Amino acid sequence: SLHQALESERLIRRNNEEYEALRKLISALPPRKVTQAQIDSVDKEVAKLEAEDVDTEREQDVRRKQFALLLHAVDDLQRALVDEPLETPAAAADPNTNATPMSIG
C-alpha cells in the first residue's frame, strides 16, 4: 500500500541521513595507520617510563639502605664515644692516671 511505501521511504531516508552523519564524523578523523603509529609510539614511551620507574625505585631502595647503614654507623660511633670517653690533654699529663703510652710501630 501507499502508506507502507511512504513509511519504508522515510526509514530509508532516516538511515541515509544517519549514514551521512557518521561518514562525516569518520572522515574528520585521521587514518587508522596514523592513529596506530601514535598508539605504538605512546606504548613505547610508556614502556620506557616504566623501566625508568623500576630503575629509580631500585636506586631509591639502595640509597635508603645506605642511609640506614650510615645512621647505624653514626649510632655505633656515638655509643663508642660514650663508652670510651676521649682522654683530655690534662689527664694525659697527670702522672696519677694509669694511662700507658702507645707505641707507634
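A quick note: this is a predicted structure, and the numbers were derived from the prediction, not measured.
With values rounded to the nearest 0.5 angstrom, R58 atom CZ is found 13.0 Å from Q60 atom CD. Here H72 contributes atom NE2 and D75 contributes atom CG; the two are 7.0 Å apart, rounded to the nearest 0.5 Å. With rounding to the nearest 0.5 Å, the separation of CD in E57 from CG in D53 is 5.5 Å. Atom NZ of K44 is separated from atom CG of L49 by 14.5 Å, given to the nearest 0.5 angstrom. The CZ atom of F67 sits 6.5 Å away from the CG atom of L70 when rounded to the nearest 0.5 Å.
With respect to R14 and E17, no salt bridge is recorded, no charged nitrogen being found less than 4.0 Å from a carboxylate O.
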Worksheet entry | Stepwise side chain to side chain contact (heavy atoms under 4.5 Å, CB included) check, R13 with E9 | CA-CA 6 Å; R13 182 175 181 184; E9 288 299 318; over 6 Å; no
Item to complete: Kindly indicate, with the supporting measurements, whether the criterion side chain to side chain contact (heavy atoms under 4.5 Å, CB included) is fulfilled by V74 and Q78.
Response: CA-CA 6 Å; V74 168; Q78 286 177 337; 4.2 Å; yes
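Of the N and O atoms on the side chains of R63 and Q66, at least one donor lies less than 3.5 Å from an acceptor on the other residue. Counting only N and O atoms by type, the side chains of Q36 and D40 include a donor and acceptor under 3.5 Å apart.
Contact annotation: the side chain of D61 approaches that of R64 to within less than 4.5 Å [non-hydrogen atoms, C-beta and beyond].
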